Amino acid sequence: MTLQETLSQKVKEAISDLYQATLETVEFQATRKDFEGDITVVVFPMLRVVKGNPVAIGEAIGAYLVKHVTPVINFNVVKGFLNIVLSDGYYLDFFGTTNNWNTFGTLPSGNDAMMVEYASPNTNKPLHLGHVRNVLLGYSVAQIVKASGKKVYKTQIINDRGIHICKSMLAWQRYGGGETPESSGKKGDKLVGDYYVRFDVVYKKEVADLVAQGVPEENAKKEAPILMQAHEMLLKWEAGDQDVVTLWETMNGWVYQGFDKTYADIGVDFDKNYYESNTYLLGKEFIAEGLAAGVFVKDPDGSLWCDLTDEGLDRKIVLRADGTAVYMTQDIGTAIQRVKDYPDISGMIYTVGNEQDYHFQVLFLILKKLGFEWAKNLFHLSYGMVDLPGGKMKSREGTVVDADDLIKDMTATACSISEALGKIDDFTKQEKETLYKTIGLGALKYYILKVDPKKRILFNPEESVDFQGNTGPFIQYTYARIQSILRKAETPKGASNSHILVLHPKEKEVLKTLQLFPETIQLAALNYSPALIANYTYDLVKEFNSFYQNVPIFAAENPAEKAFRIALCSAVGAVIKTAFSLLGIQVPARM
RNA sequence: GGCCUAGUAGUUCAACUGGAUAGAAUAUCAGAUUUCGGCUCUGACGGUUGGAGGUUCGAAUCCUCUCUAGGUCACCA
């Protein structure tokens with residue numbers, strides 16, 4: 001039983017003994033810094049069952065707790081807040097009984113499995129800053145959910161078919177002159193993306209020409225010859241035309257090579273990929289079943305709809321009049337396919353931008369109507385857009401922040417800062433490059449993950465990302481400093497004889513923060529929020545730095561204190577490392 | 001227009017989901033190393049939580065109205 005559970009029980013007992021009343025729940029909160037105490041019981045809610053002065057009630061409960069709960073040694077009451085003071089022994093006991101700090105706070109994976117989807121790229125252009133937020137969020141949530149005791153499958157859905165990829169294919173056919181990633185040395189996704197842009201340039205020119213010839217703009221946009229050709233190509237693809245399919249496979253292959261490189265650079269991976277070209281057919285099957293079961297209705301023109309007006313939503317199309325699939329069709333198919341492939345999953349998390357909030361609301365509802373038990377455990381991890389100072393990113397207008405460029409820039413910044421400090425002059429070139437990437441990516445990832453997913457991010461490439469204050473590198477620096485202490489400490493002695501110690505207030509604060517780690521992981525998993533982990537880590541590091549600055553370690557008064565403080569450093573280092581791994585961020589031994 | 005989301009120090013973010021005097025960072029200013037890494041630490045300055053009502057012991061948080069920004073209401077994905 002945790003201390004909080006014990007306290008909760010004893011407070012209820014106190015209310016029962018002293019006032020002959022029954023209390024349902026006890027409300028706790030961390031004691032504010034300006035008051036003495038370690039944990040606080042809020043008295044106000046009790047006034048519903050106990051009539052009286054909150055201060056007097058607080059005093060009575062406090063006295064009861066001191067008498068009946070060993071770790072409680074003192075208390076004070078301010079207004080309706082009962083601040084409880086815990087003994088040093090309690091914290092030392094917590095520290096001493098934790099035997100593996102490397103796994104502290106995490107639980108082994110159980111049988112309950114979740115699937116986490118992130119990335120979902122189109123195959124016609126490279127990944128950009130928006131994808132970066134998506135990928136970082138999804139990967140981190142997967143790590144957090146896993147650490148909270150669930151089994152996790154990481155996946156992406158690749159939008160590999162449709163008019164967009166035909167545009168790139170057509171432009172490549174016309175203007176590519178046989179260019180390949182090998183022949184030009186270009187990254188595959190960049191190469192394909194260039195032809196997507198090329199298509200748009202030609203298309204715009206054709207539209208302008210038509211308008212100049214007197215064709216109304218709306219018609220011109222539909223009738224531009226190059227666009228009509230792209231549509232033809234799509235029809236050929238759907239008909240299985242050998243040449244088109246071969247070209248499609250080749251160019252998608254280039255893109256995947258490029259994506260793999262970017263994912264590897266960012267440091268994320270997947271257990272399984274899904275492709276829309278494979279799942280839309282399964283979707284159609286279940287649409288047919290749904291029609292038979294009365295979940296869907298057929299319009300006179302042959303299109304199929306789901307009527308959600310009773311739920312306060314609109315009618316939603318699930319199959320076109322010509323029988324071809326829409327977005328919803330294949331998403332239904334993909335979801336069902338996943339559960340077929342991994343029967344142990346009880347739920348799925350979709351990391352997708354908030355412009356698709358409505359789509360997922362409808363998707364989940366339809367899956368419920370189709371009678372899938374797991375449909376109630378689907379969650380749309382919706383996140384805000386990443387905007388630039390000039391507004392939205394638009395790939396065709398060249399205002400996107402490219403993912404590869406971004407990583408390169410962050411690494412370069414980390415390099416110039418590290419060079420200036422000159423603490424790693426003895427590193428090899430290889431070691432330096434690894435370190436710069438660790439720091440650069442650490443800054444970027446922390447910067448993005450520390451904000452609540454729902455909020456939009458304004459990304460200013462000029463000011464870029466901070467390296468000081470509440471940042472990744474600040475935390476990495478603290479970790480490196482801890483490692484330096486541990487190297488100098490030689491044989492790290494255990495904290496076995498720590499019971500004799502009286503804690504320094506700074507030590508107590510650090511221990512208090514350490515103790516919060518397990519519940520922080522659970523809370524973050526429950527809320528799918530890496531930001532909670534980021535903020536926790538920052539708190540821990542701040543407490544540690546304050547301790548480090550104010551309490552001598554090697555110059556401690558006696559060997560037991562010294563051993564304990566070194567052990568405390570080691571524990572904090574281990575927790576920082578674990579916490580950062582949940583954010584997908586690495587920590588350096590030196591920097 | 002209907003629906004959804006966000007609005008908190010100059011700026012970037014918090015606030016344990018209704019609790020104490022709304023906290024950090026950054027910027028600005030003032031301090032700290034005979035000590036283990038100064039990318040550190042200790043302070044100061046900075047707020048009508050977009051606005052107006054309401055609910056109650058208590059509101060940044062819940063309700064109503066309103067303003068601002070964005071998203072969404074496709075036989076696009």
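A, B, ... follow the sequence lines: proteins, then strands. Residue 1 opens every chain. Everything numeric in this text was worked out from a predicted model, so none of it was measured.
When both pairing distances are held under 3.5 Å, rA24(B) makes a Watson-Crick or G-U pair with rU12(B). In a base pair of the Watson-Crick type (N1 to N3 plus N6-O4 or O6-N4) or a G-U wobble (N1-O2 and O6-N3), with each distance short of 3.5 Å, rG18(B) is matched with no nucleotide. With a cut-off of 3.5 Å on both Watson-Crick or G-U wobble distances, the partner of rU48(B) is given as none. Under the Watson-Crick or G-U wobble criterion, with both distances below 3.5 Å, rC29(B) is paired with rG43(B). With a cut-off of 3.5 Å on both Watson-Crick or G-U wobble distances, the partner of rU5(B) is given as rA69(B). For rU55(B), there is no paired base (Watson-Crick or G-U wobble, both distances below 3.5 Å).
Look at K79(A) and you'll find a side-chain N or O under 4.0 angstrom from OP1 or OP2 of rU21(B). Phosphate contact (OP1/OP2 of rU72(B), side-chain N/O of Y358(A), threshold under 4.0 Å): absent. The shortest distance between the side-chain N/O atoms of R32(A) and the OP1/OP2 oxygens of rC16(B) is not below 4.0 Å. The side chain of R481(A) contributes an N or O atom lying less than 4.0 Å from OP1 or OP2 of rG38(B).
Nucleotides rU40(B) and rU33(B), compared at atom C1', are 10 Å apart to the nearest Å. Atom name C1', nucleotides rC63(B) and rU42(B): the rounded distance is 45 Å, in whole Å. As rounded to the nearest Å, rG47(B) and rC57(B) have P atoms that lie 32 Å from one another. Between the C1' atoms of rU8(B) and rA22(B), the separation comes to 8 Å (whole Å). Look at the C1' atom in both rU17(B) and rU61(B): the space between them is 8 Å, to the nearest Å. Across rC62(B) and rG1(B), the matching C1' atoms stand 27 Å from one another, rounded to whole Å. Rounded to whole Å, the separation between the P atoms of rA25(B) and rA44(B) comes to 11 Å. Using atom C1' as the reference point in both rU28(B) and rG46(B), the two lie 10 Å apart (nearest Å).
rU61(B) has its base anti relative to the sugar, with a glycosidic angle deviating from 0 by more than 90°.
With 3.5 Å as the limit, one finds no donor-acceptor pair spanning the side chains of D38(A) and T31(A). In this structure, a donor-acceptor pair under 3.5 Å is present between the side chains of T478(A) and N545(A).
When rounded to the nearest whole Å, the span between CD1 of I417(A) and C1' of rG37(B) equals 17 Å. When the C1' atom of rA77(B) is taken as reference, atom CD of E117(A) falls 13 Å away, rounded to whole Å. In this structure, L540(A) atom CG and rA24(B) atom P are separated by 17 Å, rounded to whole Å. Atoms CE (M46(A)) and C1' (rG19(B)) sit 13 Å apart, rounded to a whole Å. One can place CZ of R320(A) at 4 Å from P of rC76(B), the figure rounded to the nearest angstrom. For the pair N545(A) CG and rU40(B) C1', the computed distance is 6 Å after rounding to whole Å. Between the NZ atom of K316(A) and the P atom of rA77(B) there is a distance of 10 Å, rounded to whole Å. Between the CD atom of Q476(A) and the P atom of rU40(B) there is a distance of 13 Å, rounded to whole Å.
Within the 4.0 angstrom heavy-atom criterion, only backbone atoms of the sugar-phosphate kind lie near F474(A); the bases stay farther away. Note on N83(A): a base of the nucleic acid sits closer than 4.0 angstrom, heavy atoms only. Among the atoms of the strands shown, none is found under 4.0 Å from any heavy atom of L47(A). Residue T40(A) is classed as a base contact, given a heavy-atom separation below 4.0 Å to a base. Nucleic acid contact class of M385(A) (heavy atoms, under 4.0 Å, all strands): none. If you check every strand for non-hydrogen atoms under 4.0 Å, S546(A) touches sugar and phosphate atoms only. Among the heavy atoms of the strands lying under 4.0 Å from Q29(A) is at least one base atom, whether or not backbone atoms are also near. Counting any heavy atom pair closer than 4.0 Å across all strands shown, E27(A) reaches a base atom. Across all strands, P45(A) comes closer than 4.0 Å to base atoms (heavy-atom distances). Using a 4.0 Å heavy-atom criterion, one finds that R48(A) contacts the bases of the nucleic acid, with or without backbone contacts as well.
Looking at the side chain of K423(A), the nearest of the listed nucleotides rC57(B), rG37(B), rG19(B) is rG37(B). The side chain of I317(A) approaches rA74(B) more closely than any other nucleotide in the set rG38(B), rA77(B), rA74(B). If you check rG38(B), rA77(B), rG19(B) against the side chain of F81(A), the one that comes closest is rG19(B).
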Grab the N/O contacts between the protein and nucleotides 29-35 of chain B below 3.5 Å, and write none if there aren't any.
none

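Between the side-chain ring of F44(A) and the base of rG19(B), a stacking contact exists by the 5.5 Å and 30° definition. Residue side chain Y538(A) fails the stacking definition with respect to rA24(B), as its ring centre and the base's six-membered ring centre are not both under 5.5 angstrom apart and under 30 degrees in plane angle.
Between W237(A) and W248(A), the angle of the ring planes goes over 60°, which puts this pair in the perpendicular group of the 30/60° scheme.
Ion pairing between a basic and an acidic side chain is recognised when a charged N comes within 4.0 Å of a carboxylate O; K222(A) and E218(A) show no such pairing. We find that K454(A) and D357(A) are not joined by a salt bridge, their nearest charged nitrogen and carboxylate oxygen being 4.0 Å or further apart. Ion pairing between D539(A) and K512(A) fails under the 4.0 Å rule for side-chain N and carboxylate O.
The two residues A119(A) and N134(A) come nearest to each other via the heavy atoms N-OD1, 2.7 Å. Closest non-hydrogen pair, L7(A) versus I39(A), comes out as CD1-CG2, 4.0 Å.
When each of N159(A) and T471(A) is assigned the nucleotide of RNA chain B with its nearest heavy atom, T471(A) is the one assigned upstream, toward the 5' end. Sequence order on RNA chain B of the closest nucleotides to S303(A) and V42(A) puts V42(A) first from the 5' end.
I144(A) contributes atom CD1, which lies 11.0 Å from atom CD of Q522(A) (distance to the nearest 0.5 angstrom).
Taking the six-membered ring for Trp, H359(A) and Y327(A) have ring centres closer than 6.0 Å. Remark: aromatic rings of Y477(A) and F474(A) are distant, center separation not under 6.0 Å.
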### Message
Strictly under 4.0 angstrom, non-hydrogen atoms only: write out the protein contact profile of nucleotides 3-14 of chain B, one letter per nucleotide from the 5' end, B, S or -.
### Response
--SSS-----SS
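For the pairing with T329(A), the side chain to side chain contact (heavy atoms under 4.5 Å, CB included) check across L319(A), T324(A), L304(A) returns one residue only, L319(A). Residue Y350(A) forms a ring-ring contact (aromatic ring centres under 6.0 Å, His included) with just one option from Y118(A), F364(A), Y383(A), and that option is F364(A).
By the ring-ring contact (aromatic ring centres under 6.0 Å, His included) test, Y280(A) pairs with no residue at all, sequence neighbours left out.
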